[in-house]
Number of protein chains: 2
Amino acid sequence: MSHFPFQRLQGELTSLISSMPADSQLPSEPALAKKLGVSRATLREAMRSFETQGLIRRKQGVGTFVIGEVPVIDSGLEVLESIETLANRIGLSVSTGSINIEILPADEEIAGELLISIGMMITRVSRVIFTDDRPVAYLVDTLPETILSRNDFQTGFNGSVLDLLLNRGLPRLTSSRTEINAVNASSAVAHFLDIQRGDVLLHFRANLIDSAGKVIDHSLSYFLPGYFNFHVNRRVG
Amino acid sequence: MSHFPFQRLQGELTSLISSMPADSQLPSEPALAKKLGVSRATLREAMRSFETQGLIRRKQGVGTFVIGEVPVIDSGLEVLESIETLANRIGLSVSTGSINIEILPADEEIAGELLISIGMMITRVSRVIFTDDRPVAYLVDTLPETILSRNDFQTGFNGSVLDLLLNRGLPRLTSSRTEINAVNASSAVAHFLDIQRGDVLLHFRANLIDSAGKVIDHSLSYFLPGYFNFHVNRRVG
DNA sequence: CAGTGGTCTAGACCACACG
DNA sequence: GTGTGGTCTAGACCACTGA
């Protein structure tokens with residue numbers, strides 16, 4: 001037996017979880033901690049990585065459950081397309097929730113991104129993507145109200161600002177510069193994704209450019225690892 | 001004052017850290033916890049995100065220090081190049097440490113990646129990238145020993161397997177399929193990067209392909225967020 | 001209501017760096 | 001040695017869910 005509780009714990013939890021059928025419930029945290037001979041804090045720390053891998057799911061007030069196989073959303077990064085378009089193309093069912101549309105004045109940060117003046121009105125659309133009733137991504141689009149205003153959302157808005165702009169045809173979008181990072185979930189994002197503050201997320205930060213080189217849309221995306229497989233083909237210099 | 005210790009703490013720590021000069025030392029954790037009226041556990045949790053942003057640096061047995069401005073390694077993902085080549089191109093100084101070269105038989109997993117038989121000998125090169133004496137990336141390359149054996153490392157090996165193969169000219173490398181994810185640091189990787197187990201890392205998992213479509217090299221890369229800015233230009237479908 | 005996970009506390013012991 | 005961060009414990013209270 002190892003002298004390091006954490007490594008031993010990970011092994012025991014791996015056995016336990018893999019031996020349980022999908023959707024079954026784990027013992028409560030106090031019970032499990034006692035059974036495994038560690039404190040609840042240590043147990044919870046060891047469980048974190050299992051949740052980021054999508055192997056278990058914790059629900060406050062309910063319990064912790066084993067997740068069966070997860071549909072992975074696989075996508076190349078060369079082409080920009082909405083999650084909806086992507087999921088549809090690979091035959092996966094996703095839904096959108098918590099859509100929120102606000103019109104507000106630009107602060108310094110967003111004015112800098114969109115290359116507009118501070119105080120100009122902007123439209124901000126945020127939403128959560130679900131697959132199998134599990135929130136897996138949180139997306140925020142911000143763009144000048146002159147490009148997208150409230151009454152542009154009238155007909156058949158599926159949640160994706162990109163799809164809306166593409167369907168409208170104007171402005172003529174050409175490309176997106178996307179920065180990729182790994183971050184800890186803030187309290188706000190954690191709430192939308194039903195995870196704990198501090199959990200690991202894959203983060204995209206992108207500016208959408210039109211044919212005149214103008215910044216049309218600034219978008220922030222947060223993805224749960226384990227549910228997405230983004231890849232890129234890199235050519236050798 | 002907020003009723004939520006964590007949010008209040010983040011604010012107070014932001015003020016404190018930004019008010020201190022670069023390289024200065026923060027009070028010890030017990031002292032800071034007492035001063036801010038929280039337990040050490042809560043304080044440490046709040047400090048995690050500051051460390052992943054590269055704003056502070058903890059050194060066991062020494063203390064916690066404020067980091068000045070950090071040189072960010074900025075790179076597009078369209079072209080595959082070694083960290084050394086990249087840093088050189090943008091005029092940044094990086095160094096390599098903890099280089100380890102092993103020859104061992106392929107297990108099932110790596111055999112599957114390289115499309116070889118289990119038990120065939122493989123060469124594995126792992127190393128750590130430093131900038132400003134700070135470990136910022138941990139890289140592992142694995143390839144068949146028939147392609148790269150121990151005596152290929154004789155002359156001017158700078159740590160990069162990619163550069164070695166490119167300089168040699170054979171096999172003719174063409175592209176790399178790179179999968180991008182966010183992960184929690186395992187104990188092993190955390191040790192090399194001088195961070196805590198569970199900290200957030202940006203992770204690349206790539207297969208390097210030659211002109212015949214053969215898998216030449218399987219590589220795993222772990223990057224500290226805050227020190228890298230990877231981006232990709234995505235064209236609109 | 002009872003039971004769950006989410007957060008926080010106070011304290012302990014360890015491994016490590018440095019004089 | 002002293003002092004630091006790294007880990008773990010035992011217990012408490014909270015917010016939430018569902019019967």
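Per chain, numbering begins at 1; letters A, B, ... match sequence-line order. It should be emphasised that the depicted structure is a prediction, and the values quoted were computed from it without experimental measurement.
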Without decimals, in angstroms, what is the distance between R57(A) CZ and dG6(C) P? 10 Å
By the 4.0 Å heavy-atom rule, please label G37(B) as base, sugar-phosphate, or nothing. sugar-phosphate
For dT7(C), does OP1 or OP2 lie under 4.0 Å from any side-chain N or O of T42(B)? no
OP1 or OP2 of dG5(C) sitting under 4.0 Å from any side-chain N/O of T64(A)? yes
As a test of reading the structure: which of dC8(D), dG6(D), dG6(C) is closest to the side chain of R58(B), going by heavy atoms? dG6(D)
Classify the ring geometry of F153(B) against F157(B): parallel below 30°, tilted from 30° to 60°, perpendicular beyond 60°. perpendicular
Without decimals, in angstroms, what is the distance between L193(B) CG and dG6(D) C1'? 17 Å
Nearest-Å distance, CG (L43(B)) to P (dG5(D))? 9 Å
Starting at CD of Q25(A) and ending at C1' of dG5(C), how long is that distance when rounded to a whole Å? 11 Å
How many whole angstroms separate atom CZ of R48(A) from atom P of dG6(C)? 11 Å
G76(A) versus R234(B), closest heavy-atom pair with distance: O-NH2, 4.0 Å
Go through the N and O atoms of the side chain of Q60(A) and the base of dA15(D), and report whether any donor-acceptor pair is under 3.5 Å. yes
Could you tell me how the ring of F204(A) sits relative to the ring of F223(A): parallel (under 30°), tilted (30 to 60°) or perpendicular (over 60°)? perpendicular
On DNA chain C, check which nucleotide each of R44(A) and G61(A) is closest to and give me the residue with the more 5' one. G61(A)
Rounded to the nearest Å, what distance is computed from the CG atom of residue L32(A) to the P atom of nucleotide dA10(D)? 15 Å
With nearest nucleotide decided by heavy atoms, which residue, R40(B) or L26(A), maps closer to the 5′ end of DNA chain C? L26(A)
Given dC8(C), dA17(C), dG6(D), the nucleotide with the shortest approach to the side chain of F6(B): dC8(C)
F65(B) has an atom CZ; how far is it from atom P of dT4(D), in whole Å? 10 Å
How is E45(A) classified with respect to the nucleic acid when contacts are heavy atoms under 4.0 Å: base, sugar-phosphate, or nothing? nothing
Regarding R127(B) and the six-membered ring of Y138(B), is the cationic atom NZ or CZ under 6.0 Å from the ring centre and inside 45° of its axis? no
Tell me which nucleotide among dT9(C), dA17(C), dG6(C) gets nearest to the side chain of V62(B). dA17(C)
Of all the nucleotides listed (dA10(C), dG6(D), dC18(C)), which has the minimum atom distance to the side chain of E29(B)? dG6(D)
Rounded interatomic separation in angstrom, taking CG from D194(A) and C1' from dT17(D): 12 Å
Any side-chain heavy-atom pair from T178(A) and H231(B) closer than 4.5 angstrom? no
On DNA chain D, more 5' by nearest nucleotide between P30(B) and R197(B) is P30(B)
